[in-house]
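Here's the structure we're looking at; comments come further down.
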Amino acid sequence: MLICANLNQPWNSTLPTLALLQKCRTLTDVNQIHSRLITTGFIRSQVLTTKIVLTFSPSPFTPLVDFARYVFFTYLAFRSPKQDEDPFLWNAVIKSYSHGREAQEAFIILCLMLENGVPFDKFSLSLVLKACSQLGLLKEGMQVHGLLRKLNFGSDLFLQNCLISYYLRCGFIGYARQLFDRMSMRDSVSYNSMIDGYIKRGMIDLAKELFDVMPLENKNLITWNSMISGYTQLKDGMGLALGLFEKMPDRDLISWNSMINGFVKCGNMEDAQILFDKIPRRDVVSWANMINGYAKVGKIDLARSLFNEMSERDIVVCNAMMAGCVQNGYCGEALEIFYHLQRNCSLQPDSATLLIALSAIAQLGHVDKGLALHHYLKQKKFSLGGRLGVALIDMYSKCGSIKNAVLVFEGIKYKTVDHWNAMIGGLAIHGMGELAFKLLMDMEKLCVEPDDITYIGVMNACGHAGLVKEGLICFDIMRRVHKMVPKLQHYGCMVDILGRAGQIDVARKFIEEMPIEANDVIWRSLLSACKNHENIDVGEPAAKHLITLDSCNSSSYVLLSNMYAGLGMWNAVSSVRLMMKERNLKKIPGCSWIELEGTVHEFFVQDKSHPQVMEIYSLLDSLSTSNSEVTPYVHHG
């Protein structure tokens, strides 16, 4: 609500109204201003209405922008234009579109100006080009380009730079280069736009060519930083980037952060740390880069040490630390940071934070924590229509609460293919193949286009549920209806479906007829099926082929050994174990998790690291003793 105007001013003074303009924020405020303008007659004051348009049009508050446009088009726009009139008001309104909502309207306003004989200048045209580039309006932008040439604006350096930027934003780098080459005069903006355009498309050689011919006086920090960014994209580009960095006449924070980020990306944390120690001033990006880098190479202790060292943190750094913890299996620590954020009023978790937290909960299997986080999402009114909804479905599925996953899925009004994929994947985890297949049919009915992941999920579900016919139908729909070329994963799913169903010979023939060569995963799937169904005729040659493909993977040897053991071929078992010993291969121990009162306990085979190991073994011994003392009941007929 606005404070009322100063009553000491005379009623016919515009000063109280002008004072109120700065305090406007809401639709109610705008309505009060509008009422005052009408009742005082100031609505016809050109000075006051001009001031309203100039004050309100760049506002971040939508009601103010809408009112500025209303006032302009109702009272100012279509007065008889003078030939030499400055179009600054029209430009203000065009800018409110090109830099805000409904950018396409900027082009329409330019058309209105032309139709009504309103003079325009290069700023009018530059604003319309910005709107066209923002929306990728190729035809409209080219019409503006044609207008420039027709009205002899074409040689204006400012407008030529706008055109280069427009063509680059629309993806037409060839047109941009043609325009650049024809320019009679170029400045640093011209060169920087082209260099940046090449770098964003990975055309580093062409960017370097321009950088080398660019006059030294035109090179500025943007130029040097762009080239450093380009070199860091190359596989072996850090040497070139470092050479350029050392030649720079001046450096800013972006220069230092680009170099640190480049070393982080290639896993060279030693050089990244050297630069981090030398940097004159660090910002949150510098810290986040280093934390992210140490987490990626598994040095989570160093990442955490840097995180603790920071005097001030923002949400980006917290997200980097949380993501690092999750990547390295420290999900509990990631959640501790998240809960600290929830308690700290100065920092609010964003969507990225919540996605990481949901991933941590999914890995831990803590459904209670998942329910609490779901409640937080509702409380804070986060939308589940995007990635958060997908992550929530995935979390509930992995925590064993498929019912909650279904409720979330059904509650999302506008579902993307990712939501469908998450739900299908969840049903697959729980062995609900029939429901997963039904969801695929529902997608067909609702005209939701499936993708690669959809079919992998459905075929996985069919394999676990023993639905051979449905799996074959799925594979057929994928190829014939959606004209998708199956990938290796899809072929692997089909081999798994056939193998689990005991159709070993069909699975082997399927592999032999595949248009792409089967990898070790597919052969291991076939070998596992052979072991389960005691088919040594197919299993033995499959195992030998698998060992030639991946001789260092112990699981292939273990599967072959178990298959021999199941058939009582103990000499063959000894031979495989000897082979493993000679090649220094060890079986990866089995692992189990159990959640008790909110704590997840992890157990490996023959592992005695649990803090309560003595009590556990004592209890197991007492159970086995009591079982051995039970006398079996024998019925004497």
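Residue numbers count from 1 along this sequence.
Ring centroid separation for the pair Phe276 and Trp287 comes in under the 6.0 Å cut-off. For Phe211 and Trp224, the ring centers are positioned less than 6.0 Å apart. When ring centroids are compared, Tyr396 and His374 come within the 6.0 Å threshold.
His490 contributes no side-chain N or O that, together with a main-chain N or O of Tyr455, makes up a donor-acceptor pair within less than 3.5 Å. Checking side-chain atoms of Asn519 against main-chain N and O of Ile522 turns up a donor-acceptor pair under 3.5 Å. Remark: the backbone N or O of Tyr330 is not paired with any side-chain donor or acceptor of Asn328 at under 3.5 angstrom.
No hydrogens or angles considered: a donor-acceptor pair under 3.5 Å links the side chains of Asp350 and Thr353. Under 3.5 Å, the side chains of Asp196 and Ser193 contain no donor-acceptor pair of N or O atoms. Side chains of Ser286 and Asn289: a donor-acceptor N/O pair is absent below 3.5 angstrom, by distance only. Side chains of Asn225 and Asp252: a donor on one and an acceptor on the other come within 3.5 Å. Side chain to side chain, Tyr198 and Arg177 meet the donor-acceptor criterion of an N or O pair below 3.5 Å. With hydrogens and angles left out, the side-chain atoms of Asn220 and Asp250 include no donor and acceptor closer than 3.5 Å.
Heavy atoms of other residues, nucleotides or ligands lying less than 6.0 angstrom from CG of Leu234 number more than 12.
Within the structure, the salt bridge (Lys or Arg N to Asp or Glu O under 4.0 Å) test picks out no pair touching residues 309-334 (sequence neighbours left out). Listed by first and then second residue, the salt bridge (Lys or Arg N to Asp or Glu O under 4.0 Å) pairs involving residues 259-273 amount to none (not counting sequence neighbours).
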Trace of the side chain to side chain donor-acceptor pair (under 3.5 Å) decision for Asp283 with Asn257: CA-CA 9 Å; Asp283 66 356; Asn257 285 340; 3.1 Å; yes

Candidate pair Asp520 and Arg524, rule salt bridge (Lys or Arg N to Asp or Glu O under 4.0 Å), full reasoning: CA-CA 6 Å; Asp520 60 306; Arg524 199 169 290 115; 3.3 Å; yes

Asn261 and Ser258: CA distance, side-chain angles, deciding distance, side chain to side chain donor-acceptor pair (under 3.5 Å) verdict: CA-CA 5 Å; Asn261 186 49; Ser258 294; over 6 Å; no

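Going from atom CD1 of Ile222 over to atom CE of Met227 covers 15.0 Å, rounded to the nearest 0.5 Å.
Residues Val417 and Glu449 share a closest heavy-atom pair of CG2-O, 3.4 Å.
Every residue was checked against the side chain to side chain donor-acceptor pair (under 3.5 Å) condition with Asn218, not counting sequence neighbours, and none meets it.
Within the cation-pi definition used here (under 6.0 Å to the ring centroid, within 45° of the axis), Lys219 does not qualify as a partner of Tyr191.
Proximity of Cys318 to Phe307: side-chain heavy atoms (C-beta onward) are separated by under 4.5 Å at one or more points.
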